[in-house]
Amino acid sequence: MYDILHNLLEDKKGGIIFTCFGLYHLIYILIGICITTCLIILIKKKKIDAIKTINIVLDIAIIMYALDFFLMPLAYGEIDIEKLPFHACTCMCVMSFLSRHIKKLDRFKYAFAMLGLISNMIYFFYPAGVMWHAVHPLCYRVIQTLSYHMVMMIYGLLVLIFERSCMNYKEMKYDLVVIVGMTVWALIGNWCYNGMLEGGKLYNWFFVVEDPFGIINHDIAIFIMPIITPCAFLFVTFLIYLININIKRILIRNKTLKEK
């Protein structure tokens with residue numbers, strides 16, 4: 001049984017290789033756009049309930065994340081430590097799920113969804129981690145990784161559109177707390193796990209110990225990335241607030257003009 005599952009799930013090398021913005025990546029993106037669009041239309045037409053749909057999408061994401069830990073040993077012969085929830089992509093899935101079941105975390109559920117949306121969207125459109133493995137576009141590694149990030153991205157978009165449609169800048173305090181908390185959590189993960197394996201592998205969770213673009217020297221990056229990364233995510237969050245609030249103002253102004 002192990003051999004059958006391993007042959008089915010293992011990385012497929014040779015032949016077609018998954019590349020960023022290659023044909024298969026564009027197909028994954030198109031699938032994500034189509035699913036998101038269909039769900040938005042169905043919710044708008046009240047064919048399906050918004051809150052129930054959002055919860056189901058999140059449940060799918062957490063199941064995919066948990067199931068991956070059981071399938072990784074069959075696919076790769078080991079559990080990939082990098083899949084631990086020290087990246088925003090994975091941590092926000094866990095925290096979003098907990099925030100919908102633990103009352104004390106409820107106030108942060110939109111901030112979790114926002115950071116999850118930004119981080120998963122970045123990875124979905126630029127899946128560098130998958131490209132490094134140079135595997136077939138239809139192997140388990142690619143399908144699981146792209147599908148998971150797609151589902152988390154859809155969850156974040158649905159929350160933004162249907163649950164958090166009216167924003168105000170005062171709410172950014174929750175986003176600030178979540179981003180700072182994510183930074184501290186990622187630093188703990190990096191300090192605990194970096195260098196523990198043979199070869200001293202660097203995980204760089206949440207990009208707080210190394211510049212992902214390789215521009216900043218490592219000796220400097222380790223001190224400034226814990227500042228640059230949260231500031232970058234906070235800036236993107238601010239832009240989303242800015243766009244949302246201005247769209248709301250335009251809609252209100254147009255509605256007022258029509259009533260006159």
Side-chain angles (χ1 to χ4, degrees), residues 20 32 36 58 61 65 82-99 105-130 145-146 148-161 163-165 167-191 193-194 202-216 218 220-247:
C20 185
T36 306
L58 181 58
Y65 180 58
E82 195 159 6
K83 290 291 187 80
L84 292 175
F86 291 107
H87 259 314
C89 297
T90 50
C91 185
M92 291 305 104
C93 176
V94 176
M95 296 311 298
S96 292
F97 182 79
L98 292 176
S99 69
L105 292 174
D106 181 72
R107 71 184 71 177
F108 295 103
K109 69 180 180 181
Y110 297 146
F112 291 142
M114 177 74 79
L115 182 54
L117 168 62
I118 297 168
S119 58
N120 281 281
M121 184 175 286
I122 290 171
Y123 192 94
F124 184 68
F125 284 96
Y126 186 72
V130 172
T145 306
L146 270 292
Y148 167 79
H149 286 83
M150 180 199 302
V151 173
M152 277 301 295
M153 182 181 70
I154 292 171
Y155 166 74
L157 286 170
L158 293 180
V159 170
L160 185 63
I161 295 169
E163 277 196 310
R164 205 184 186 189
S165 56
M167 294 181 175
N168 64 74
Y169 292 116
K170 291 181 180 179
E171 293 175 347
M172 277 197 71
K173 63 185 178 184
Y174 297 115
D175 296 279
L176 176 61
V177 170
V178 168
I179 290 172
V180 171
M182 182 67 240
T183 302
V184 174
W185 178 241
L187 283 170
I188 292 171
N190 283 295
W191 287 335
Y193 288 95
N194 277 336
L202 180 71
Y203 291 104
N204 196 26
W205 281 300
F206 202 47
F207 313 116
V208 292
V209 294
E210 188 80 13
D211 174 17
F213 302 105
I215 299 171
I216 304 172
H218 173 73
I220 301 173
I222 198 169
F223 294 107
I224 65 172
M225 289 310 294
I227 299 173
I228 292 176
T229 298
C231 285
F233 275 94
L234 192 62
F235 176 70
V236 175
T237 301
F238 171 75
L239 289 179
I240 294 173
Y241 269 81
L242 184 66
I243 293 167
N244 180 280
I245 290 170
N246 278 286
I247 288 174

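- Using a 4.5 Å heavy-atom cutoff, the side chains of V208 and N190 are in contact.
- Side-chain atoms of M152 and C89, non-hydrogen and from C-beta on, never get closer than 4.5 Å to each other.
- At least one side-chain heavy atom of M121 sits less than 4.5 Å from a side-chain heavy atom of L157.
- Listed by first and then second residue, the salt bridge (Lys or Arg N to Asp or Glu O under 4.0 Å) pairs involving residues 173-182 are R164-D175 (not counting sequence neighbours).
- No side-chain donor-acceptor contact under 3.5 Å links S96 to the backbone of C93.
- Summarising the geometry, atom CZ belonging to F238 is positioned 8.0 Å from atom CD1 belonging to I245; distances are rounded to the nearest 0.5 Å.
- Listed by chain and number, the residues in a ring-ring contact (aromatic ring centres under 6.0 Å, His included) with Y126 amount to none (sequence neighbours excluded).
- Rounding to the nearest 0.5 Å places OH of Y148 at 9.5 Å from NZ of K83.
- By the neighbour-count criterion of 12 heavy atoms within 6.0 Å, atom OH of Y169 is densely surrounded, having more than that number from other residues, nucleotides or ligands.
- Counting heavy atoms from C-beta on, the side chains of Y65 and P85 come closer than 4.5 Å.
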Using the side-chain contact (heavy atoms from CB on, under 4.5 Å) rule, take C91 and F86 through it: C-alpha gap first, then chi angles, then the decisive distance, then the call. CA-CA 6 Å; C91 185; F86 291 107; over 6 Å; no
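- Note that CE of M225 and CD1 of I220 are 12.0 Å apart. Values are rounded to the nearest 0.5 Å.
- Heavy atoms only, all atoms of each residue included: A113 and V159 are closest at CB-CG1, 3.8 Å.
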Apply the test side-chain contact (heavy atoms from CB on, under 4.5 Å) to residues M114 and M92: give CA-CA distance (whole Å), side-chain angles for both, the deciding distance (0.1 Å), then the verdict. CA-CA 9 Å; M114 177 74 79; M92 291 305 104; over 6 Å; no
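- Using a 4.5 Å cut-off on side-chain heavy atoms (C-beta onward), N120 and Y155 make no contact.
- Side-chain atoms of S99 never come within 3.5 Å of backbone atoms of L105 as a donor-acceptor pair (strictly under, hydrogens ignored).
- Taking the six-membered ring where tryptophan is involved, the planes of Y203 and W205 are essentially parallel, since the angle between them stays under 30° and well short of 60°.
- Atom CG of residue L117 and atom CD1 of residue I122 lie 9.5 Å apart, to the nearest 0.5 angstrom.
- Contacts of Y241 classified as ring-ring contact (aromatic ring centres under 6.0 Å, His included), with partners at least two apart in sequence or in another chain: none.
- In this structure, the separation between CG on N244 and CD1 on I161 is 10.5 Å, given to the nearest 0.5 Å.
- Rounded to the nearest 0.5 angstrom, L239 CG and L234 CG are separated by 10.0 Å.
- Checked by atom type and distance alone, the side chain of T90 pairs as donor or acceptor with a backbone atom of H87 at under 3.5 Å.
- Applying the ring-ring contact (aromatic ring centres under 6.0 Å, His included) rule to Y110 yields no partners; only residues at least two apart in sequence or on another chain are considered.
- Taking F206 as the reference, F233 meet the ring-ring contact (aromatic ring centres under 6.0 Å, His included) condition, with sequence neighbours excluded.
- Scored by the salt bridge (Lys or Arg N to Asp or Glu O under 4.0 Å) test, D211 finds no partners at all (sequence neighbours excluded).
- Contact of the E210 side chain with the H218 side chain is registered, since non-hydrogen atoms from C-beta on lie closer than 4.5 Å.
- Using a 4.5 Å heavy-atom cutoff, the side chains of T237 and L176 are not in contact.
- Contact annotation: the side chain of I240 approaches that of M167 to within less than 4.5 Å [non-hydrogen atoms, C-beta and beyond].
- Remark: side-chain polar atoms of N246 are paired, donor with acceptor, to backbone N or O of L242 under 3.5 angstrom.
- In plain terms, the two heavy atoms of T183 and P226 that are nearest each other are CG2-O, 3.7 Å.
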